[in-house]
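Mind having a look at this structure? Questions to follow.
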Amino acid sequence: MPVNIPETGQERIVIVGGGFGGLMMARKLAKSDYQVILIDKRNYHQFQPLFYQVAMAGLEPSSISFPFRKAFQDHKNMYFRVGKVNAVDTGRKQLETDIGIVNYDHLVLSYGAKTNFFGNKAIEERAFTIKSTTQALNLRNTLLTDYEKAVIERDFEKRQWFLDIVIVGGGPTGVEVAGALAEMKKYILPKDYKELDAKEVDIYLLQGTDQLLMGMDPKHGDTAERYLKQRGVIVKKNTRVVDYDGEYVITADDEKIKAGKLIWAAGVTCHRMEGLREDAFNKRNRIMVDEYSKVKGYDDIYALGDVACMETEDFPDGHPQVAQPAIQQGKQLARNFIRRAKGKDWVKFEYRDLGTMATVGRNKAVAEIGGMKFKGFFAWLVWLFVHLYALIGAKNKLIVFINWIWNYFTYDQSLRLIINPKDQADRNPPS
Ligand SMILES: Cc1cc2nc3c(=O)[nH]c(=O)nc-3n(C[C@H](O)[C@H](O)[C@H](O)COP(=O)(O)OP(=O)(O)OC[C@H]3O[C@@H](n4cnc5c(N)ncnc54)[C@H](O)[C@@H]3O)c2cc1C
């Protein structure tokens, strides 16, 4: 059954996924003559770089989310539908979704990436991830519930299970989570949970290679490591995690670390959309596109952002799976469709690398922007400014800014509420 969308006789562009890439593209096409349909399995855009602050009770999820319908309010050619796209029928030019069939003239796939567990089912089943708002909230609830349990637990070993945390993956996400947890241990635990000895909380950051923040200057990896160690995080490099039974994290060297929480931040992969040719995907399940974002083997299908792999001289394995390539590709593809409507030739995509950065709690960050490399307080200020600027929605920017100022001066986040959407299973150490 076709989804109820008006047939207006306009050419229809269907965008799957309203992340950085899809939403930017849709917004840029807002005043064009195309009929633009955005389909997303959620009804809001998520600002993923700040998920970890939701998980650490520093921000409310609503302040880093933006409802799609609000973005589409004033544009009569734009339509939004909540739906999960399951497959594409390229012959019929149709999408199969959980709300019905959607026809397209041009299809844009921007459905992002998912957590990569490298086939390890035991870890997938038990690890915490922060790849969605729901997962971030789940981690927040678990952290706070476990602190409550630890307060009443007399047995030291059991208390350790509630308190100790292992983070796997020393990229920006792992480093930021470790820094935020270390701050919670230092500033929040002694105030909120004064019966607990904060020294009992062990925070581990395990990295498979010999450097944190791979992709950045090794000196910045070392700086981040030093910052984390100063804050009491136990950093272990060249340490690959192979198993987790819910009680012990087991490494390739057979080391066993007792922890009731394993946070997995060790990489992403992509979902293979059913119906596309096998050779449209590369080994990492990214969709191969040319420099116009057109999918290999198709004239009417495009891909952008994390899910797309555009091999260029500077980026032979595709662009990094971060926000900027998605944003820039989304805008460029929209511009090209506008050029098409005017009978003009398309312009090739060229990536402008705006830099990378990572923060390690208050006052400390590392940044590499436009050939400049800096660290410490200034890098941290730049990190704050860049993230505020990139957030979608003026109200969100204001609320996040106020939260950050409040937290900075009071050393206290005020959102430590345990709000479960439904009763969750009681968590206890395996006996
Ligand atoms: C915790 C975390 C921290 C990060 N920090 C940074 C950072 O500091 N800086 C940075 O540059 N990047 C960061 N990133 C990466 C960045 O968020 C991504 O590169 C970026 O979001 C990619 O944009 P996208 O449009 O390709 O996909 P996404 O933003 O992932 O959007 C994909 C959209 O598709 C929707 N979707 C997925 N499957 C379907 C389906 N089958 N049907 C319908 N809809 C679907 C999803 O709901 C989502 O809205 C971070 C990512 C994470 C997870």
Side-chain angles (χ1 to χ4, degrees), residues 14-26 37-56 64-68 71 80-88 95-99 102 108-116 128-136 139 167 169 171-177 180 213 215-216 263-268 270-275 286-287 293 303-309 318-331 333 353-359 365-367 383-384 386-387 390-392:
V14 177
I15 302 173
V16 179
F20 284 110
L23 185 58
M24 286 305 153
M25 179 172 180
I37 320 285
L38 176 67
I39 305 180
D40 199 293
K41 58 186 179 185
R42 302 184 176 88
N43 77 337
Y44 55 90
H45 168 85
Q46 323 178 99
F47 190 78
Q48 301 185 18
L50 293 179
F51 276 161
Y52 83 96
Q53 295 207 3
V54 171
M56 302 300 132
I64 61 157
S65 313
F66 193 81
F68 290 122
F80 172 70
R81 294 291 180 268
V82 177
K84 182 166 183 283
V85 176
N86 296 321
V88 48
L95 286 177
E96 291 162 24
T97 80
D98 61 358
I99 52 168
V102 177
V108 179
L109 299 171
S110 53
Y111 55 83
K114 60 177 187 172
T115 307
N116 193 356
F128 288 88
T129 48
I130 30 180
K131 194 79 187 82
S132 70
T133 313
T134 320
Q135 291 171 358
L139 179 56
I167 303 147
T173 302
V175 165
E176 289 175 356
V177 168
L213 300 177
M216 290 185 89
I263 302 175
W264 189 256
V268 291
C270 294
H271 163 72
R272 282 193 175 221
M273 181 62 75
E274 211 186 301
R286 288 174 86 179
I287 302 174
S293 294
L304 43 96
D306 278 3
V307 75
C309 178
H319 297 102
Q321 285 164 296
V322 291
Q324 273 305 320
I327 292 171
Q328 293 178 29
Q329 285 168 1
K331 286 183 178 172
L333 187 54
D353 189 354
L354 299 183
T356 26
M357 53 181 81
T359 175
V366 289
W383 183 93
L384 290 184
V386 166
H387 282 76
L391 249 183
I392 295 184

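Keep in mind the model is a prediction, meaning the values are calculated, not measured. Ligands are counted one by one from 1 in listed order, and the atoms in each one are counted from 1 as well.
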**Prompt:** Any side-chain heavy atom of Tyr52 sitting closer than 4.5 Å to one from Thr359?
**Reply:** yes
**Request:** Considering the heavy atoms of Gln48, write down every atom of ligand 1 situated less than 4.0 Å from one of them.
**Result:** 1 (C), 2 (C), 3 (C), 17 (O), 21 (O), 28 (P), 29 (O), 30 (O), 51 (C), 52 (C), 53 (C)
**Item:** Check: Gln46 side chain, Thr133 main-chain N or O, donor-acceptor pair, under 3.5 Å
**Value:** yes
**Message:** Using only atom types and a distance under 3.5 Å, with no angle test, would you say the side chain of Arg286 pairs donor to acceptor with the backbone of Val307?
**Reply:** no
**Item:** Any donor-acceptor pair under 3.5 Å from Ser110 side chain to Val16 backbone
**Value:** yes
**Complete:** of all protein heavy atoms, closest to atom 16 (C) of ligand 1 is Ala323 N, 3.9 Å
**Heteroatom distance test (Lys41, ligand 1): nitrogen or oxygen, under 3.5 angstrom** = yes
**Complete:** Contact region, Gln321 to ligand 1, non-hydrogen atoms below 4.0 Å, reads backbone
**Request:** Please answer whether the main-chain N or O of Asn116 pairs with a side-chain N or O of Trp264 as donor and acceptor at a distance below 3.5 Å.
**Result:** yes
**Item:** Ligand-residue contact atoms, ligand 1 with Lys84, heavy atoms, under 4.0 Å
**Value:** 41 (N), 42 (N)
**Asked** Is any N or O atom of Ala113, backbone or side chain, closer than 3.5 Å to an N or O atom of ligand 1?
**Response** no
**Asked** Do the non-hydrogen side-chain atoms of Gln321 and Cys270 ever get within less than 4.5 Å of each other?
**Response** yes
**Message:** Counting neighbours of NZ on Lys131 that are heavy atoms of other residues, nucleotides or ligands and sit closer than 6.0 Å, is the number greater than 12?
**Reply:** yes
**Message:** Looking only at distances, can you tell me whether any N or O atom of Gln46, backbone or side chain, sits closer than 3.5 Å to an N or O atom of ligand 1?
**Reply:** no
**Request:** Return the residue, atom name and 0.1 Å-rounded distance of the protein heavy atom closest to atom 49 (O) of ligand 1.
**Result:** Asp40 OD2, 2.6 Å
**Item:** Residues that Phe68 engages under ring-ring contact (aromatic ring centres under 6.0 Å, His included), provided they are two or more places apart
**Value:** Phe80
**Message:** Test of understanding: given a 4.0 Å heavy-atom threshold, classify the contact between Pro49 and ligand 1 as side chain, backbone, both, or neither.
**Reply:** both
**Message:** Using a 3.5 Å cut-off on N or O atoms only, is Phe20 in polar contact with ligand 1?
**Reply:** yes
**Prompt:** How does Met357 reach ligand 1, if at all, at less than 4.0 Å between non-hydrogen atoms: by side chain, backbone, both, or neither?
**Reply:** neither
**Request:** Check ligand 1 against Thr173 and write out every atom of the ligand that is under 4.0 Å from a heavy-atom position of the residue.
**Result:** 1 (C), 2 (C), 3 (C)
**Numbered atoms and elements of ligand 1 in range of Ile130, under 4.0 angstrom, heavy atoms** = 1 (C), 53 (C)
**Asked** Would a distance-only check, ignoring hydrogens and angles, find a side-chain to backbone donor-acceptor pair under 3.5 Å from Tyr111 to His271?
**Response** yes
**Request:** Determine whether any heavy atom of Pro172 lies closer than 4.0 Å to an atom of ligand 1.
**Result:** no
**Message:** Considering Ala265, Gly174, Ala303, Gly112 one by one, which has a heavy atom nearer to atom 27 (O) of ligand 1 than any of the others?
**Reply:** Gly112
**Backbone or side-chain N or O of Gly21 under 3.5 Å from ligand 1 N or O** = yes
**Asked** Taking heavy atoms and a distance under 4.0 Å, where does Asp306 meet ligand 1: side chain, backbone, both or neither?
**Response** both
**Check: Leu139 and Met56 side chains under 4.5 Å, non-hydrogen atoms** = yes
**Complete:** By side chain to side chain contact (heavy atoms under 4.5 Å, CB included), Lys84 pairs with (sequence neighbours left out) Lys41, Asn86, Asp98
**Message:** Counting C-beta onward and ignoring hydrogens, is there a side-chain heavy-atom pair between His387 and Pro49 closer than 4.5 Å?
**Reply:** yes
**Request:** Considering the heavy atoms of Gly83, write down every atom of ligand 1 situated less than 4.0 Å from one of them.
**Result:** 42 (N), 43 (C)
**Message:** What protein heavy atom lies closest to atom 37 (C) of ligand 1? Include the residue and the distance to one decimal.
**Reply:** Tyr111 O, 3.2 Å
**Message:** What I want to know is whether Ala326 and ligand 1 share at least one N or O pair that is separated by under 3.5 angstrom.
**Reply:** no
**Request:** Taking all heavy atoms of Gln329 and all of Gly305, pick out the closest pair and write down the distance.
**Result:** OE1-N, 2.8 Å
**Asked** Do side-chain atoms of His45 reach the backbone of Phe66 as a donor and acceptor pair under 3.5 angstrom?
**Response** no
**Prompt:** Among protein heavy atoms, which sits nearest to atom 31 (O) of ligand 1, and what does the distance come to when rounded to 0.1 Å?
**Reply:** Gly19 CA, 3.1 Å
**4.5 Å side-chain heavy-atom contact, Pro172 and Leu213** = yes
**Sub-3.5 Å N/O-N/O distance, Lys131 and ligand 1** = no
**Asked** Can you name the closest pair of heavy atoms from Met216 and Thr356 and give their distance?
**Response** CE-O, 3.5 Å
**Shortest protein contact, atom 34 (O) of ligand 1 (heavy atom only)** = Gly17 CA, 3.2 Å
**Asked** Do any nitrogen or oxygen atoms of Glu176 lie less than 3.5 angstrom from nitrogen or oxygen atoms of ligand 1?
**Response** no
**Per-atom contacts of ligand 1 with Gly305, taking only distances under 4.0 Å to non-hydrogen atoms** = 26 (O)
**Asked** Which protein non-hydrogen atom lies closest to atom 42 (N) of ligand 1, naming both residue and atom, and how far is it?
**Response** Val85 N, 2.9 Å
**Message:** Between ligand 1 and His387, can you find any atom pair, the residue atom being a heavy atom, that is separated by under 4.0 Å?
**Reply:** yes
